[in-house]
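Atom set for the values below is all heavy atoms of this structure, side chains included, hydrogens, waters and symmetry mates excluded. Remember, it's a predicted structure, so these values are computed and weren't measured experimentally.
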Amino acid sequence: MSVGNQSGDPGRWPGLGRVVHDRRRAARLTLAALAAKTELSQSFLSQLENGRTNSSLRSLQRIADALDTTATELLATADTAPESVLVRAGEGRLHQDDPGQDGSVRSLVHGRRDLRALEFTGGTERGAREFTHQNDELIYVISGTITVAADGTEVTLSTGDSYYCAAGVRHRWWAHADDTTTLLLAVADGLTVRRAPHRPPRT
């Protein structure tokens with residue numbers, strides 16, 4: 001894996017543990033209960049909440065699932081500059097001690113924006129997790145090759161290819177190599193997209 005500790009952006013989300021703590025308390029869950037729901041150790045969760053360790057992307061997604069939210073929402077809430085409109089190259093990557101085969105993720109927007117934009121590097125084992133979103137999503141391959149599985153069909157995408165995934169469609173995707181870079185764009189969950197009423201074509 002080409003992405004290591006030094007590629008993270010620990011200054012972007014120093015309060016992530018506090019956000020997890022607050023969400024857990026709001027959900028009336030003890031550390032033991034959250035550990036059981038996420039299959040993560042209680043000691044790890046305690047260290048995360050107290051800012052003494054970092055979370056992998058997979059662990060953060062497990063925590064988000066248990067708290068009935070998304071990893072993107074947790075990161076957005078913890079962002080130290082939620083109003084900023086600028087993300088420089090090299091900024092915005094989730095700091096992970098060991099990204100593993102899930103790869104790394106970089107947020108291209110600050111805070112809780114209407115548009116969600118994530119840049120993934122690697123992710124050869126991401127296909128083990130299935131996603132369903134409230135709004136449409138665009139998957140674009142910046143470099144490399146990925147496979148998208150949706151509606152019972154698998155399609156391979158290479159550099160420059162894109163895949164439009166409609167709201168509510170269960171899907172998963174995975175990279176073919178650790179240096180693959182994939183961009184995901186979507187309207188944030190929880191927002192209602194107003195669509196123009198369908199009108200039959202004029203005759």
Side-chain angles (χ1 to χ4, degrees), residues 1-20 48 51 53-65 69-129 131 133 135-148 157-165 171-189:
M1 174 67 66
S2 60
V3 180
N5 295 2
Q6 71 277 11
S7 64
D9 186 3
R12 177 83 173 265
W13 298 287
L16 180 59
R18 171 55 60 179
V19 170
V20 171
L48 175 64
T53 192
N54 302 305
S55 173
S56 69
L57 179 57
R58 177 173 295 191
S59 294
L60 187 60
Q61 288 174 331
R62 287 185 182 181
I63 293 168
D65 289 344
T69 185
T70 65
T72 307
E73 174 64 17
L74 293 176
L75 290 172
T77 303
D79 200 320
T80 56
E83 302 302 320
S84 177
V85 297
L86 178 65
V87 176
R88 296 287 189 184
E91 296 178 345
R93 192 175 302 280
L94 176 64
H95 185 69
Q96 304 177 83
D97 290 333
D98 180 14
Q101 299 306 304
D102 284 331
S104 64
V105 62
R106 178 174 174 243
S107 178
L108 303 183
V109 295
H110 279 281
R112 303 173 67 179
R113 302 290 185 171
D114 292 352
L115 181 66
R116 180 169 58 91
L118 300 173
E119 179 188 274
F120 290 86
T121 301
T124 55
E125 291 188 0
R126 287 187 55 81
R129 179 181 173 86
F131 295 88
H133 302 299
N135 293 308
D136 298 356
E137 179 179 64
L138 180 72
I139 303 173
Y140 175 76
V141 182
I142 298 175
S143 64
T145 304
I146 71 171
T147 294
V148 177
L157 307 181
S158 297
T159 302
D161 293 342
S162 64
Y163 184 93
Y164 193 92
C165 188
H171 64 283
R172 54 196 177 91
W173 68 270
W174 60 93
H176 290 200
D178 290 339
D179 58 355
T180 298
T181 306
T182 309
L183 175 66
L184 270 62
L185 296 171
V187 175
D189 289 343

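N135 contributes a side-chain N or O that, together with a main-chain N or O of A188, makes up a donor-acceptor pair within less than 3.5 Å.
When the salt bridge (charged side-chain N to carboxylate O under 4.0 Å, His left out) test is applied to D161, no partner is found at least two apart in sequence or on another chain. Not counting sequence neighbours, the partners of V19 by the side chain to side chain contact (heavy atoms under 4.5 Å, CB included) test are R23, L74, T77, A78. Listed by chain and residue number, R116 satisfy the salt bridge (charged side-chain N to carboxylate O under 4.0 Å, His left out) test with E137 (two or more places apart in sequence, or in another chain). For T72, the side-chain hydrogen bond (donor to acceptor under 3.5 Å, both in side chains) criterion is met by no residue, not counting sequence neighbours. S59 pairs by the side-chain hydrogen bond (donor to acceptor under 3.5 Å, both in side chains) definition with S56, not counting sequence neighbours. Applying the side-chain hydrogen bond (donor to acceptor under 3.5 Å, both in side chains) test to R58 and every residue at least two apart in sequence or in another chain returns D102. Residues that satisfy the side chain to side chain contact (heavy atoms under 4.5 Å, CB included) test with T147, not counting sequence neighbours, are E154, T156, W174, H176. Residues satisfying the ring pair (Phe, Tyr, Trp, His ring centres under 6.0 Å) criterion with H171, sequence neighbours excluded, are H133. Taking the side chain to side chain contact (heavy atoms under 4.5 Å, CB included) definition, one finds that V148 meets it with I139, I146, V155, L157, Y163, W173, sequence neighbours left out.
Put simply, the side chain of T145 does not reach to within 4.5 Å of the side chain of T180, judged on heavy atoms. A heavy-atom distance below 4.5 Å is not found between the side chains of Y140 and L185. Residues E91 and L86 fail the side-chain proximity criterion, which asks for heavy atoms closer than 4.5 Å.
Of all the heavy atoms in A175 and G122, the pair that sits closest is CB-O, 3.3 Å. Across all non-hydrogen atoms, the minimal contact from L115 to V109 is O-CG2, 3.6 Å. Closest non-hydrogen pair, N54 versus L48, comes out as C-CD1, 4.3 Å. A pairwise comparison of heavy atoms in S55 and L60 identifies OG-N, 3.2 Å as the closest pair. Across every non-hydrogen atom of A71 and A64, the tightest pair is N-CB, 3.4 Å. Looking at every heavy atom in both residues, L118 comes nearest to S107 through CD2-CA, 4.0 Å.
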Test log, rule side chain to side chain contact (heavy atoms under 4.5 Å, CB included), inputs L16 and L75: CA-CA 7 Å; L16 180 59; L75 290 172; 4.1 Å; yes
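Taking 4.0 Å as the cut-off between side-chain N and carboxylate O, D79 and R113 do not count as a salt-bridged pair.
Separating the CG atom in L57 from the CZ atom in R129 is a distance of 8.5 Å, to the nearest 0.5 Å. Between the CG atom of D179 and the OG1 atom of T121 there is a distance of 9.0 Å, given to the nearest 0.5 Å. Between the CD atom in Q61 and the OG1 atom in T69 there is a gap of 12.0 Å [rounded to 0.5 Å].
Sequence neighbours left out, the pairs with a member in residues 103-112 that pass salt bridge (Lys or Arg N to Asp or Glu O under 4.0 Å) are E73-R112, R106-E119.
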